Amino acid sequence: MAKIPVQFMLNGAEKAEFIDSGTTLLNALRDKIGDTSPKGGCHQGTCGACSVIIDGELRLSCLTLAETCNGAAITTTSGLSQGGVLHPLQRAFLDAFATQCGFCTPGMLMAAKVLLDHTPDPSRDEVVEALSGNICRCTGYEPIIQAVLTAARSNSQNAA
Amino acid sequence: MELRKSYFADQRTDDLHEIGQPRPRSDSPGHVTGKTAYFADRNFPGMLHLKMVRSPHHHARIRSIDTSEAQKHPGVVKILTAKDVPHNVYTILILIQIGPEDETVLADGKVRWKGEAVVAVLAETERAAQEAAAKVKVDYEVLPAVFDMEEALKPSAPVVNEYHGRNYYLYDSGECRKVRFGDVEAGFAGADHVLEQTYQSSPIEHAPTETTGCIVAPEGNDRFTCYTNTQAMFFTLDNASIILQMPGNRLHFVGGTVGGGFGGKVDVIVEPIAILGAKLTGRPVSFIYSREEEMQISSPRAAEKVVIKDGVMKDGRIVARKVTGYTDAGAYSRHSPYGAQKGAGHYPGPYTIPNVWIDTYCVYTNRTPSSAMRGFGVTIGDFALEVQMDKLARLIGMDPLEFRFINAYRDGDIKAHRQPTEGAALIECMQEASRAANWPVAEKFMAISSYAKGA
């Protein structure tokens with residue numbers, strides 16, 4: 001099968017790869033590019049563990065074909081901290097005990113980041129809605145919700 | 001967080017430095033930065049993908065298996081059947097002498113549950129393995145199946161598992177695990193009320209976000225490194241060693257962070273066949289359950305049926321308790337004989353009852369083999385016991401919490417299985433729960449203790 005070239009920005013760095021047509025962005029990121037921060041929990045768009053940010057929008061990388069991402073700017077959890085400094089969301093997840101097994105965490109962080117990028121001061125209901133596509137099976141939803149609210153508050157304090 | 005230091009004050013020193021202090025989890029920095037390595041985060045050049053051909057029937061004889069079409073599918077490297085597995089019939093608890101070996105790695109002549117592994121296909125890509133698996137032709141003669149534990153225990157029921165020869169696990173105590181304490185019939189005869197109730201539960205799937213799987217890499221020194229999300233590392237290594245008839249020093253198991261287990265990753269299912277694939281092809285092998293396999297194939301918590309008969313006095317004392325527990329093992333033992341046995345020890349609950357009779361059965365049916373899950377053998381039993389406790393309290397018109405205080409076990413009480421009670425804190429827990437839930441009980445119950453006799 002002929003390979004297809006794809007080229008996009010991943011966490012601010014240019015990436016180019018030859019892939020088989022039909023390769024999901026999740027598999028391209030994990031198997032070809034080596035960014036294993038997005039996780040494959042269902043490969044059918046139901047668990048949210050593979051969530052990434054494509055051009056500012058939350059997307060399921062297991063349902064996104066890599067070949068449709070040419071020229072896109074993609075953010076994953078491995079690109080969230082800058083220069084070794086944790087993003088406020090990462091800090092809040094740490095402090096609020098919002099991780100247990102950690103498998104849903106990268107997807108949760110992506111969903112939360114898109115929420116805060118669009119809605120810097122969300123209500124609790126807005127946080128719940130934003131995380132509703134991400135499944136946590138250690139059932140730590142409450143600390144996760146609290147962590148997102150805490151990060152939003154620390155953001156607004158920094159801005160003030 | 002508030003520490004109530006009045007409890008057990010004379011049993012400990014007061015130098016608590018850690019309890020009550022928030023401490024960061026050591027694994028959290030990896031989780032929030034995406035750096036935590038799960039087994040599937042490894043990728044090896046030339047890695048093959050394993051897909052399983054599974055039984056579409058609950059119970060069937062295998063007349064023939066034809067892999068010729070699948071073999072020709074582009075990308076297929078190796079196809080494995082029962083004859084390729086060195087020690088195909090195994091049982092995981094054989095490591096602690098709980099036999100007989102009763103389960104096949106790959107089905108040999110018969111399938112006993114819908115979803116049972118029959119043929120393993122190894123191919124260059126996941127897609128090729130999946131497509132080739134669909135081309136494997138298995139000719140089945142469908143057999144009568146049994147799905148209900150009571151039906152399975154009838155003499156007329158089809159035998160699910162020939163390695164047992166009967167549809168229940170034969171303990172050294174006979175057809176079930178037994179606990180006998182006092183005279184339960186005399187207890188019922190002298191009771192003011194007798195209440196018998198039946199409780200049933202369905203299988204429960206753990207549904208971890210990370211599915212079960214492993215990646216195996218053959219090393220240059222004739223060893224195999226197995227990256228796995230097993231919850232039972234050495235248990236899996238030892239069983240793999242038996243199944244593969246390979247000394248343990250040729251197997252290097254690498255675990256690490258598990259993406260949710262809840263007991264569902266203690267069975268030895270994916271590792272032996274993946275290692276065998278790596279051995280026979282000389283290439284790395286990835287065997288990872290799809291979400292569908294995780295939900296349908298991996299062991300759930302067993303379905304249980306619990307029959308509880310209690311004799312109770314008007315003053316609140318339970319004087320006799322008879323429990324018959326049934327654990328649905330599905331087609332194979334896995335951890336279920338142990339789970340059913342655990343229930344036998346647990347069933348009187350945290351209560352001191354003078355007359356106890358317990359039978360727990362581990363039953364085979366043509367359902368998905370069940371296994372470990374959070375407190376298996378105990379959790380469903382606790383549900384049944386505590387619902388029963390509420391019903392008993394209602395029957396004699398007593399507050400359900402006060403009823404539990406009256407029957408709560410205390411240090412020094414001999415349990416039905418004849419171990420003395422030590423470190424019981426039930427009364428103190430209930431006292432604290434009474435305060436926290438604002439559910440007041442009579443002052444005399446707030447004055448008693450688990451370890452000081454009297455009151």
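Just so we're on the same page: letters track the sequence lines, and every chain starts at 1. Remember, it's a predicted structure, so these values are computed and weren't measured experimentally.
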Are more than 12 heavy atoms from other residues, nucleotides or ligands located less than 6.0 Å from atom [atom1] of [X]?
X       : atom1 : value
E17(A)  : CD    : yes
Q44(A)  : CD    : yes
R435(B) : CZ    : yes
R54(B)  : CZ    : yes
E292(B) : CD    : no

Whether the side chain of [X] engages the backbone of [Y] through a donor-acceptor N/O pair (distance < 3.5 Å, no angle test) should be reported.
X       : Y       : result
R25(B)  : F97(A)  : no
R137(A) : E210(B) : no
R291(B) : H43(A)  : no
Y38(B)  : T36(A)  : no

Options R23(B), M47(B), K35(B), ranked by heavy-atom pairs under 4.5 Å with chain A, top entry
R23(B)
Between R42(B), H206(B), M295(B), which residue shows the highest count of heavy-atom pairs closer than 4.5 Å to chain A?
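Heavy-atom pair counts peak at H206(B).
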When you look at Q100(A) and H31(B), which way does the side chain to side chain contact (heavy atoms under 4.5 Å, CB included) test go after all the steps?
CA-CA 9 Å; Q100(A) 192 168 324; H31(B) 293 348; over 6 Å; no
Below 4.5 Å from any heavy atom of chain B, which atoms of [X] appear? Answer side chain, backbone, both or neither.
X       : answer
L89(A)  : neither
I135(A) : both
C47(A)  : neither

For a side chain to side chain contact (heavy atoms under 4.5 Å, CB included) check, start with the C-alpha distance between K39(A) and D41(B), then their side-chain angles and the critical distance, and finish with the verdict.
CA-CA 9 Å; K39(A) 303 299 176 195; D41(B) 293 340; 2.8 Å; yes
Structural part of [X] lying under 4.5 Å from a heavy atom of chain A:
X       : value
F262(B) : side chain
A37(B)  : neither
T257(B) : side chain

For the student: nearest non-hydrogen atoms of [X] and [Y], plus distance:
X       : Y       : answer
T211(B) : G41(A)  : CG2-O, 3.8 Å
S28(B)  : T99(A)  : OG-OG1, 2.7 Å
C101(A) : T209(B) : SG-OG1, 4.4 Å

Going by atom types only, do S81(A) and T33(B) share a side-chain donor-acceptor pair under 3.5 Å?
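Side-chain D/A pair, S81(A) to T33(B): absent.
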Show your working on side chain to side chain contact (heavy atoms under 4.5 Å, CB included) between K32(A) and N43(B) and close with a plain yes or no.
CA-CA 9 Å; K32(A) 290 281 189 175; N43(B) 194 9; over 6 Å; no
